[in-house]
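Counting convention: from 1, in listed order, for ligands and their atoms alike.
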Amino acid sequence: MASAKRDPVRSPEDFLVFGAPQIGEDEKREVLDCLESGWLGTGPKVAEFERSFRSYVGGDHAVAVSSCTAALHLSMLAASVGPGDEVITTAMTFCSTVNAIIHAGATPVLADIDPHEINIDPAAVEACITPRTKAILPVHFAGRPCNMAALTDLAQRHGLVLVEDCAHAIEAEIDGRHMGTFGDYGCFSFYVTKNLMTGEGGMVVARDESHADRIKVLGLHGMSRDAWKRFSDDGFRHYQVVECGYKYNMMDLQAALGLHQLRRIEANWKRRESIWRTYEREFHDLPVRLPAPTRPGTRHAHHLFTLEIDESRAGISRDDFMRGMHRENIGVGVHYQSIPSHPFYRERYGWEPEAWPNSKRFGEETVSLPLSAKLDDDDVGDVITAVRRVLAGD
Ligand SMILES: Cc1ncc(COP(=O)(O)O)c(C=O)c1O
């Protein structure tokens with residue numbers, strides 16, 4: 001318990017917000033330019049952002065959408081995943097990974113994680129494959145690449161679609177190849193706390209042009225591809241609705257932010273990498289578990305720095321640790337409680353968290369520390385002081 005006698009590490013007015021985005025002057029100017037142009041909806045800035053992002057990750061085709069959730073849902077539909085199909089994903093992820101499968105009408109099947117790397121365990125995936133399995137949906141958790149050699153091998157051997165949830169993993173690579181380009185689809189998030197943010201936003205990188213085209217059509221009401229250009233200044237054209245789609249398009253206003261965020265992505269990664277190394281150095285002697293080392297030949301996107309707090313070893317529960325950090329006026333997060341611990345999934349699928357023990361344990365012990373590129377050295381110093389004090393019961 002924090003002592004009532006001393007001051008917190010930071011004042012309440014100076015609360016350190018978890019995942020605060022870094023917003024530069026360039027994107028502020030671009031947003032203003034967008035507002036002044038009168039063109040706020042899907043237009044030239046979205047097209048430019050798609051081109052730049054595709055070139056950054058080295059993908060074949062890129063379609064910007066309103067969120068990663070939309071990207072996942074549209075990938076499922078483009079892959080013809082539907083009722084009667086099963087999709088295998090991880091029990092340790094954000095709810096929308098699983099919801100996207102359900103939105104497509106398919107049944108999610110959960111595989112447990114490797115307890116060290118926290119990514120889906122390929123052996124557990126293999127054990128879940130049935131004649132109804134249609135796709136595998138791994139998540140590069142916290143920005144650490146999954147074992148794509150094993151997962152692509154499984155997908156090929158069993159004829160399965162591979163959709164990568166890259167919400168945390170924009171900069172992550174294996175042998176110089178970006179995550180999102182191993183599978184048939186890579187889905188990215190530009191939510192405010194992400195490594196690149198557009199407020200809300202997402203992107204699908206697809207290997208096959210016809211799949212990318214279908215995603216474009218489904219992402220804008222099911223209007224034919226040309227409908228994306230219907231407000232351009234090269235003349236009036238009718239649009240045609242060719243199937244029942246969704247309202248999942250990205251706006252130029254969002255792309256205005258993304259274009260400049262993308263230009264700084266490597267500089268921001270370097271800053272987070274430096275904070276990550278500092279945390280590793282400063283916390284190595286504490287009675288908590290730190291993220292596993294990064295495998296040689298891979299690049300971690302450094303999206304979440306987690307501490308695993310086992311009460312029997314640390315002398316404090318994860319939730320009391322979080323309360324302690326809050327009293328120090330430092331924002332922390334939980335990513336995530338395991339999927340089967342949520343009532344909706346338990347009720348609908350009869351899942352019990354104990355059946356995925358590694359995900360259950362991690363979900364009960366994990367806490368994410370601030371890791372935004374916006375943090376200056378004083379902020380990082382405050383996080384370190386607070387973690388040490390709270391763990392020491394000071
Ligand atoms: C692993 C994972 N998948 C999917 C999503 C959904 O992203 P979005 O908020 O852009 O829909 C998130 C967002 O937090 C996430 O962390």
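Put simply, part of Gly201 is less than 4.0 Å from ligand 1, judged by heavy atoms. Ligand 1 has at least one atom lying under 4.0 Å from a heavy atom of Lys194. Using a 4.0 Å cutoff on heavy atoms, Tyr336 counts as a contact of ligand 1.
A pairwise comparison of heavy atoms in Glu173 and Pro145 identifies O-CG, 3.6 Å as the closest pair.
Polar contact with ligand 1: present for Ser189 (N/O pair, distance under 3.5 Å). Between Thr69 and ligand 1, a contact under 3.5 Å exists for at least one N or O pair.
Look at Glu48 and Lys45 and you find no salt bridge, because none of the NZ, NE, NH1 or NH2 atoms lies under 4.0 Å from a carboxylate O. Taking 4.0 Å as the cut-off between side-chain N and carboxylate O, Glu126 and Arg157 count as a salt-bridged pair. Look at Arg289 and Glu365 and you find no salt bridge, because none of the NZ, NE, NH1 or NH2 atoms lies under 4.0 Å from a carboxylate O. Arg299 has a carboxylate O that lies under 4.0 Å from a charged side-chain N of Glu266, or vice versa, which qualifies the two as a salt bridge. Classification of Asp33 and Lys28 as a salt-bridged pair fails, no side-chain N sitting under 4.0 Å from a carboxylate O.
Residues Met76 and Lys134 form no side-chain contact, since every pair of their non-hydrogen atoms from C-beta on lies 4.5 Å or further apart.
The protein atom (non-hydrogen) at minimum distance from atom 7 (O) of ligand 1 is Cys68 CB, 3.2 Å. In this structure, the protein non-hydrogen atom closest to atom 6 (C) of ligand 1 is Ser96 OG, 3.1 Å. Closest to atom 12 (C) of ligand 1, if we only count protein heavy atoms, is Phe94 CD2, 3.5 Å. Nearest to atom 3 (N) of ligand 1 among the protein's heavy atoms is Asp165 OD2, 2.7 Å.
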